[in-house]
Amino acid sequence: MDRARKNARSELAVSRSVAELRGVLNRWRAEGDSIALVPTMGGLHEGHLALVRAARTQFSRVVATIFVNPMQFDDPVDLGRYPSDIGRDTAMLSQAGADLLFLPAAGEMYPPGFATAVKVSGLTACLCGAARRGHFDGVSTVVAKLLCQAAPDAAFFGEKDYQQLLVVRRTVRDLDIPVRIEGVTTVREADGLALSSRNFNLSREERAAAPALYRVLSEVAQALAPGGPAQAALEEGRESLMRAGFARVDYFELRDGETLTSLERARPPARLFAAAWLGATRLIDNIPVA
Ligand code: PAF
């Protein structure tokens, strides 16, 4: 590790308990700081760092969290495969301008006797909610907890997980949690692949096939933009993904970008959503239909 990276890593303070986190944040608030939260599960990449940097431009303190939330995984194999390298993640957060890392253990987030869940209905019935049972209950519960623990002025989420962003906005509205939710545009590789911690799991061949997800979404979005019937273009999108090497398509759908209602024709704010498997890795992406 070079000297700059070493220094950067040692500058990032780490809180492991809610009490410790609140102690630091109360001190900062008393000093007049504004506070942004960037929740993550680690396995960091430029997409996460874009959230930290966006937060940095608007708030004087940026708190990142890393917690691989077991409650949002419906598959223990998927949970076990989730990439984790705290040393690397800490150095990256520090270099991107985070001030503090909240790194709770599972027992801190879900102590014995934990029995509460936040369940958002409607928005969670489709797309990833249909394919991954209980996933969004886990997301809204852990995000509600993190927001209560840190009480930030704003929290930042990527648009790559667009349904998650809508579920978080709904949670905050419905529970009157006083925080602004900021969505940040998806960061992509040069070939269009949306950055994701799951990309680390792709083999060379799978990585070569992966950009087809964004390419096909873009082609179908263009075909749908004039507002004609969507069904045939969506079916062609699914077939194109299979031809490009995807093993299975969980969904390839046109929906309203605010309510997630299914659309038969594009009209603002229409959005295309896709989830598909390359080997054992499930990739998701979404784009607006202009
Ligand atoms: O997007 C993620 O990484 C997670 O779903 C989140 C928001 C950190 C909750 O665990």
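Just so you know, these numbers come straight off a predicted model, no measurement behind them. The residues of the chain are indexed from 1 along the displayed sequence. Numbering of ligands and ligand atoms starts at 1, following listing order.
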Check: Any salt bridge between Arg198 and Asp78, counting N to O under 4.0 Å?
Finding: yes
Notebook entry, point to check: Would you call Arg180 and Glu182 a salt bridge, taking side-chain N to carboxylate O under 4.0 Å as the test?
Noted result: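 A salt bridge links Arg180 with Glu182.
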Checklist line | Nitrogen or oxygen atoms of Thr40 and ligand 1 under 3.5 Å apart | finding: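 Between Thr40 and ligand 1 (N or O atoms, distance only) the closest approach is not under 3.5 Å.
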Note to self: Are any of the N/O atoms on Gln72, whether in the backbone or the side chain, positioned under 3.5 angstrom from an N/O atom of ligand 1?
What the structure shows: yes
Next item on the list: Around atom 2 (C) of ligand 1, find the nearest protein heavy atom and jot down its residue, atom name and distance.
Entry: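 For this ligand atom, the closest protein heavy atom is Gln164 NE2, 3.8 Å.
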Next item on the list: Report the C-alpha distance between Tyr82 and Phe73 in whole Å, list the side-chain angles of each, state the deciding distance to 0.1 Å, and finish with yes or no for ring pair (Phe, Tyr, Trp, His ring centres under 6.0 Å).
Entry: CA-CA 10 Å; Tyr82 208 82; Phe73 286 82; 5.7 Å; yes
Note to self: Here's a test for you: under side-chain contact (heavy atoms from CB on, under 4.5 Å), which of Glu253, Arg255, Glu159, Glu258 qualifies with Arg271?
What the structure shows: Glu159
Checklist line | Which of the ligand 1 atoms, numbered from 1, are nearer than 4.0 Å to a heavy atom of Val142 | finding: 9 (C), 10 (O)
Next item on the list: Provide the number and element of each atom of ligand 1 under 4.0 Å from a heavy atom of Pro39.
Entry: 8 (C)
Notebook entry, point to check: Do Met242 and Val249 have side-chain heavy atoms sitting under 4.5 Å apart?
Noted result: yes
